[in-house]
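Scroll down for the structure; my scribbles are underneath it.
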Amino acid sequence: MLRRSIAIAGLTAAVGLAGCGGSDEPPTCEDPEAVTSVTMDDFSYAPGCVEAPAGAEIEIVNEGQSPHTFTVEAEAAGAEVDVPAGEQATLSVPELAAGTYRVICTYHPQMKASLRVTG
């Protein structure tokens with residue numbers, strides 16, 4: 001019985017870590033959508049693969065029941081908006097090199113998306 005409990009606890013921890021861990025792999029964004037608005041819900045972004053030129057503005061709408069952020073993970077990007085439930089905010093796409101960047105919610109790291117910045 002003890003051995004079974006230990007095995008279940010180990011499996012639970014491994015699954016939890018797999019969902020929360022960071023990765024050095026570049027994010028994928030195979031079919032980006034050029035949009036002016038992104039919707040957050042509990043707990044996803046739509047679309048999940050966004051394309052925008054540096055300097056553009058994107059409206060971030062939170063239709064969920066929890067606060068969420070749209071945080072671009074790039075060194076010195078400074079691109080994050082914190083949006084309370086039922087509200088919206090504007091994100092200015094940072095002046096980043098053209099490429100694809102990870103987006104997460106700092107409250108819910110399992111929420112992930114990609115932002116492809118065009119030149």
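Computed from a predicted model, the values in this text were never measured in an experiment.
To the nearest 0.5 Å, atoms CE (Met40) and OG (Ser66) are separated by 10.5 Å. Taken from CD in Glu87 to CD in Glu63, the straight-line distance is 13.0 Å, to the nearest 0.5 Å. Distance check, rounded to the nearest 0.5 Å: SG of Cys49 to CD of Glu33 gives 8.0 Å. Of the inter-residue distances, the one linking Lys112 atom NZ with Ser44 atom OG reads 14.0 Å to the nearest 0.5 angstrom. Going from atom CD of Glu73 over to atom CG of Leu115 covers 12.0 Å, rounded to the nearest 0.5 Å.
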Stepwise, does the side-chain contact (heavy atoms from CB on, under 4.5 Å) test hold for Val83 with Phe70? CA-CA 8 Å; Val83 188; Phe70 188 93; over 6 Å; no
Trace of the ring pair (Phe, Tyr, Trp, His ring centres under 6.0 Å) decision for Phe43 with His68: CA-CA 9 Å; Phe43 294 92; His68 296 294; 5.5 Å; yes
For the pair Tyr107 and Asp82, evaluate side-chain contact (heavy atoms from CB on, under 4.5 Å) and give the outcome as yes or no after the intermediate values. CA-CA 10 Å; Tyr107 298 121; Asp82 191 336; 2.6 Å; yes
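Looking at Thr71 and Val103, their side chains never come closer than 4.5 Å, going by heavy atoms from C-beta outward. Annotation: side chain of Pro94 is not in contact with side chain of Tyr101 (no heavy-atom distance under 4.5 Å).
When each of Val81, Ile104, Leu96, Val117 is tested with Val72 by the rule side-chain contact (heavy atoms from CB on, under 4.5 Å), just one qualifies, namely Leu96.
Linking Ile, Leu, Val, Met, Phe, Trp and Tyr whenever their side-chain heavy atoms come within less than 4.5 Å puts Tyr45 and Val35 in one cluster.
No donor-acceptor contact under 3.5 angstrom links the side chains of Glu59 and Ser37, judged on distance only.
Cys29 approaches Thr100 most closely through the heavy-atom pair CB-CG2, 3.6 Å.
Side chain of Thr69 to main chain of Thr106: a donor-acceptor pair is present (N/O by atom type, distance under 3.5 Å, no hydrogens or angles). Side-chain N or O atoms of Asp42 include one that pairs as donor or acceptor with a backbone N or O of Gln65 at under 3.5 Å. Listed for the Arg116 side chain is no donor-acceptor partner under 3.5 Å among the backbone atoms of Val50.
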